Amino acid sequence: MTIPSLGQIPPVRRRPAVHPLGLAGVAALVVLAAVTVIVVLTGRDDAPGAQGGASAGPDAQPVSNPTGSTEEICRPLVNTVHSDTRQKQLWKKVFQCSNHPNSALYEHPREGPKISFMYTKNSWFVCWVRGEKHAGGNDIWYYTQGDRSADKPELDAWGFMPASQLVTAKHPNPGVARECPFS
């Protein structure tokens with residue numbers, strides 16, 4: 001048996017290495033990543049670091065009175081379902097209202113420990129209830145889920161916001177058609 005010399009061995013032709021997904025697959029992954037970033041950033045309604053809660057959605061607009069007055073009117077959001085772990089029920093209809101961002105929510109409709117915070121400025125609310133008089137000069141509080149829990153994480157950020165934090169002249173807001181059956 002003769003061993004061939006290097007000059008007698010034909011050169012091996014190598015194909016260039018191609019990523020298994022190909023260029024189209026890589027491009028699709030890049031587009032998917034970009035869309036995910038955009039959805040996350042726009043879906044928070046200016047809520048940096050928020051983990052969920054009462055944002056009314058990326059297409060939420062300030063709610064104004066159709067009569068043209070400056071009074072803000074909340075409006076119903078009917079194609080939503082919110083799971084309330086605190087009251088152990090589903091809310092199939094909530095109300096979108098303009099509110100002041102960075103508002104605190106309380107466990108009960110009165111001042112006390114802050115159980116969560118609402119970073120959004122257009123948020124949904126479930127209902128209103130009469131409670132203790134607050135800095136806004138009335139006793140109306142709105143029930144919702146905050147964007148981030150503070151104390152009592154077992155409440156899952158559900159609490160009461162004083163009416164003074166909603167952008168409206170009249171409380172309870174005529175657009176919030178449900179009085180809370182609890183307080």
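Values in this document were obtained by computation on a predicted structure and should not be read as measured data.
- A continuous path of ILVMFWY side-chain contacts below 4.5 Å connects Met161 to Trp128, so both sit in one hydrophobic cluster.
- Hydrophobic clustering (side-chain heavy atoms under 4.5 Å, transitive across Ile, Leu, Val, Met, Phe, Trp, Tyr) groups Trp158 together with Leu77.
- For the side chain to side chain contact (heavy atoms under 4.5 Å, CB included) with Thr144, the qualifying choice from Val94, Val126, Leu105, Thr120 is Leu105, the only one to do so.
- In summary, the aromatic rings of Phe95 and Tyr142 are positioned with their centroids too far apart to meet the 6.0 Å limit.
- In this structure, the separation between CD on Gln89 and CG on Asp84 is 6.0 Å, given to the nearest 0.5 Å.
- Proximity of Tyr106 to Lys114: side-chain heavy atoms (C-beta onward) are separated by under 4.5 Å at one or more points.
- Taking CD of Gln145 as the reference point, atom OG of Ser83 lies at 8.5 Å (rounded to 0.5 Å).
- Distance alone, capped at 3.5 Å, places no donor-acceptor pair between the Asp156 side chain and the Thr85 backbone.
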- [ ] Would you sort out whether Ser103 and Tyr119 count as a side chain to side chain contact (heavy atoms under 4.5 Å, CB included), showing the intermediate values?
- [x] CA-CA 7 Å; Ser103 297; Tyr119 296 117; over 6 Å; no
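- For the atom pair CD (Gln165) and NZ (Lys121), the distance works out to 15.5 Å, reported to the nearest 0.5 Å.
- At least one donor-acceptor pair under 3.5 Å links the side chain of Arg86 to the backbone N or O of Glu107.
- Linking ILVMFWY side-chain heavy atoms closer than 4.5 Å, directly or via other members, places Met118 and Ile140 in a single hydrophobic cluster.
- One finds the CG atom of Asn173 at 12.5 Å from the CZ atom of Arg75 (value rounded to the nearest 0.5 Å).
- Note on Trp124 and Trp141: same hydrophobic cluster, where clusters join Ile, Leu, Val, Met, Phe, Trp and Tyr whose side-chain heavy atoms are under 4.5 Å apart, directly or indirectly.
- Note: Tyr143 OH to Arg178 CZ = 11.5 Å, rounded to the nearest 0.5 Å.
- A distance-only check finds a donor-acceptor pair linking the side chain of Ser116 to the backbone of Ala157 [under 3.5 Å].
- In this structure the side chain of Val176 reaches within 4.5 angstrom of the side chain of Cys97, judged on heavy atoms.
- With hydrogens and angles disregarded, no donor-acceptor distance shorter than 3.5 Å links the side chain of His108 to the backbone of Arg110.
- Of all non-hydrogen atoms in Gly159 and Ile115, the two that sit nearest each other are CA-CD1, 3.8 Å.
- Between the OG atom in Ser164 and the CG atom in Asn138 there is a gap of 7.5 Å [rounded to 0.5 Å].
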- [ ] Report the C-alpha distance between Leu90 and His82 in whole Å, list the side-chain angles of each, state the deciding distance to 0.1 Å, and finish with yes or no for side chain to side chain contact (heavy atoms under 4.5 Å, CB included).
- [x] CA-CA 6 Å; Leu90 294 176; His82 297 280; over 6 Å; no
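- Between Trp91 and Val81, the closest side-chain pair of non-hydrogen atoms is not below 4.5 Å.
- In terms of heavy-atom proximity, Lys133 sits nearest to Gly137 at CE-O, 3.2 Å.
- Arg130 and Asp139 are joined by a salt bridge, as a carboxylate oxygen and a charged side-chain nitrogen come within less than 4.0 angstrom of each other.
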